[in-house]
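Here is how names work: the chains are called A, B, and so on, in the same order as the sequence lines, proteins then strands, and each is numbered from 1. All values reported here derive from a predicted model rather than from experimental measurement.
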2 protein chains.
Amino acid sequence: MNYMLPATMDQSHDPTHPGLSGVEVGVIDFFVSAVKVLGMAKSIGEIYGLLFVSPQPLPLDVLCQRLSMSKGSASQGLKLLRAFGAVKTVYQPGDRRDHFTAEIEIKRLAAGFMREELQPRLTQGEERLAQIAQLGHTLPANAEGDFQRGRLAKLERWSDRSREILPLLGSLLD
Amino acid sequence: MNYMLPATMDQSHDPTHPGLSGVEVGVIDFFVSAVKVLGMAKSIGEIYGLLFVSPQPLPLDVLCQRLSMSKGSASQGLKLLRAFGAVKTVYQPGDRRDHFTAEIEIKRLAAGFMREELQPRLTQGEERLAQIAQLGHTLPANAEGDFQRGRLAKLERWSDRSREILPLLGSLLD
DNA sequence: TCGTTTGTTCAAGAAAAAATGAATGATTTA
DNA sequence: TAAATCATTCATTTTTTCTTGAACAAACGA
């Protein structure tokens with residue numbers, strides 16, 4: 001099976017991205033920035049961006065070629081994107097390679113991000129906080145001790161608050 | 001004026017942070033992680049964390065000493081935190097140095113973050129998108145062109161959506 | 001006015017994060 | 001079963017980001 005691009009696609013106007021059309025470069029660029037806001041690596045944005053504009057699902061080696069990216073980066077990037085549910089594996093008859101396609105329902109993308117990134121960190125913060133709360137009891141019974149106990153209590157209120165807000169965030173996206 | 005800590009504070013249990021009590025180390029640690037989630041440097045979390053547990057406003061040089069941090073980091077960190085409205089400058093009679101205290105209203109912290117970080121990036125994304133939209137008109141009148149035009153339209157809907165959601169986010173925190 | 005204190009900036013160094021690519025294992029098919 | 005294809009892992013290299021500290025500027029006070 002031939003996975004090379006149609007001739008029209010090779011007429012790139014961006015010398016740094018041979019094989020990518022202007023629109024493709026633009027969309028990839030857009031997702032690279034978007035993904036950085038979320039604290040993820042450039043490669044994640046590149047992969048998702050290319051899949052987002054591609055009518056057909058693409059296999060690993062095509063992603064590597066068109067993005068000039070190593071196999072390792074592409075493999076790890078796809079692994080993460082699948083964990084988020086941002087990329088789905090599609091079976092292509094007559095081809096041994098896995099093909100990947102972009103999930104474009106924003107609700108699901110957000111859900112994946114919350115599940116994989118936000119929730120674990122929130123839990124970790126809660127654990128950390130429980131540790132500190134122990135120390136709070138050892139604080140002296142003076143003005144400073146009182147103040148710091150108050151601050152610890154405030155931290156716990158923030159933490160509880162976050163737990164409540166996270167699900168609401170998802171419902172904003174309906 | 002003497003800004004050294006009371007003797008009790010020097011009985012630190014953490015050898016890597018002389019001059020910081022257990023509770024202080026814990027709270028700082030908490031904010032260092034929190035701040036990393038938001039994509040900011042460790043030093044930002046350290047400064048905010050120490051101010052958060054400190055009953056008195058602290059000047060630059062005290063922050064440097066207690067956090068074992070360079071003057072440059074502390075200065076830049078405070079600059080950023082002030083821009084966010086996460087730290088306020090407090091005048092201390094009889095002391096030439098600026099003193100800093102932590103803003104602890106979560107609503108204001110969130111507003112600062114949105115204003116300084118989210119809004120500019122959102123605007124930048126919109127500009128980027130306007131650029132790509134131009135290219136959309138040059139796409140061929142075939143299946144692939146139609147598909148990609150559809151994807152560009154979807155991106156614009158996402159962008160508009162984000163604009164609507166950002167203010168709602170703030171109202172969640174009331 | 002001149003020396004001192006305080007705070008900022010920025011080039012250079014250090015640390016952290018991401019990308020690479022060779023080695024590995026798994027799966028297919030000849 | 002052996003060769004070929006495909007994907008993953010991980011030690012190393014590269015890139016990016018953060019921190020440092022010295023130079024500078026500004027504000028004060030003697």
Side-chain angles (χ1 to χ4, degrees), chain A residues 1-4 16-17 28 31-33 35-51 57-83 87-101 117 121, chain B residues 1-3 16-17 28 31-33 35-51 57-83 87-100 117 121:
Chain A
M1 187 187 203
N2 174 23
Y3 51 73
M4 290 310 290
T16 68
H17 288 276
I28 288 167
F31 279 108
V32 166
S33 331
V35 131
K36 283 210 170 163
V37 175
L38 304 176
M40 298 180 202
K42 187 169 72 160
S43 60
I44 305 294
E46 293 174 320
I47 296 169
Y48 185 83
L50 182 52
L51 293 178
L58 303 178
L60 184 73
D61 56 332
V62 171
L63 287 170
C64 295
Q65 287 173 51
R66 302 201 61 205
L67 296 170
S68 312
M69 175 185 289
S70 72
K71 214 153 51 117
S73 267
S75 178
Q76 289 180 173
L78 285 167
K79 182 182 177 183
L80 184 71
L81 285 164
R82 273 174 307 192
V87 156
K88 290 176 295 187
T89 304
V90 177
Y91 172 70
Q92 293 290 80
D95 195 326
R96 239 177 92 186
R97 298 169 298 175
D98 290 336
H99 286 62
F100 304 98
T101 194
E117 293 277 285
R121 291 182 193 262
Chain B
M1 188 187 201
N2 175 23
Y3 50 73
T16 67
H17 289 274
I28 288 167
F31 280 108
V32 166
S33 331
V35 131
K36 283 209 171 163
V37 175
L38 304 176
M40 299 180 202
K42 187 169 74 157
S43 61
I44 304 294
E46 293 174 320
I47 295 168
Y48 185 84
L50 182 52
L51 293 177
L58 304 178
L60 184 75
D61 57 332
V62 171
L63 288 169
C64 295
Q65 285 174 51
R66 302 201 60 204
L67 296 170
S68 310
M69 174 184 291
S70 71
K71 211 156 51 122
S73 268
S75 178
Q76 288 179 176
L78 285 167
K79 181 182 177 182
L80 185 70
L81 285 164
R82 273 174 306 191
V87 156
K88 291 176 296 186
T89 304
V90 177
Y91 171 69
Q92 292 291 77
D95 196 328
R96 241 176 92 186
R97 299 169 299 176
D98 290 336
H99 286 62
F100 304 98
E117 294 277 288
R121 291 184 196 261

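- Whole-Å rounding puts the A:R82 CZ to D:dT8 C1' distance at 10 Å.
- Closest of all the heavy-atom pairs between A:L60 and A:A74 is CD1-CB, 3.5 Å.
- Residues A:M69 and A:S43 share a closest heavy-atom pair of CE-CB, 3.6 Å.
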Could you pull out the protein-nucleic contacts involving nucleotides 20-22 of chain C (nitrogen or oxygen on both sides, under 3.5 Å)?
unit_1, atom_1, unit_2, atom_2, d
C:dT20, OP2, A:S70, N, 2.9
C:dT20, OP2, A:S70, OG, 3.1
C:dT20, OP2, A:S73, OG, 3.4

At a cut-off of 3.5 Å, list every protein nitrogen or oxygen paired with a nitrogen or oxygen from nucleotides 13-18 of chain D, distance to 0.1 Å.
none

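- With contacts defined as side-chain heavy-atom distances shorter than 4.5 Å, the pair A:F100/A:T89 qualifies.
- Checking C:dT6, D:dT8, C:dT8 against every side-chain atom of B:S75, the shortest atom distance belongs to C:dT8.
- Contact annotation: the side chain of A:V32 approaches that of A:E46 to within less than 4.5 Å [non-hydrogen atoms, C-beta and beyond].
- A:D61 has its CG atom 18 Å from the P atom of D:dA4, to the nearest Å.
- Here the shortest heavy-atom pairing between A:L63 and A:L58 reads CD2-CD1, 4.1 Å.
- By the 4.5 Å heavy-atom criterion applied to side chains, A:L81 and A:L51 are not counted as neighbours.
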Q: Check step by step if side-chain contact (heavy atoms from CB on, under 4.5 Å) holds for B:D98 and B:L78.
A: CA-CA 11 Å; B:D98 290 336; B:L78 285 167; over 6 Å; no

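- Atom-to-atom, CZ of B:R97 to P of D:dA26 comes out at 22 Å; the value is rounded to the nearest Å.
- The base of D:dA27 is paired with the side chain of B:R96 by a donor and an acceptor separated by under 3.5 Å.
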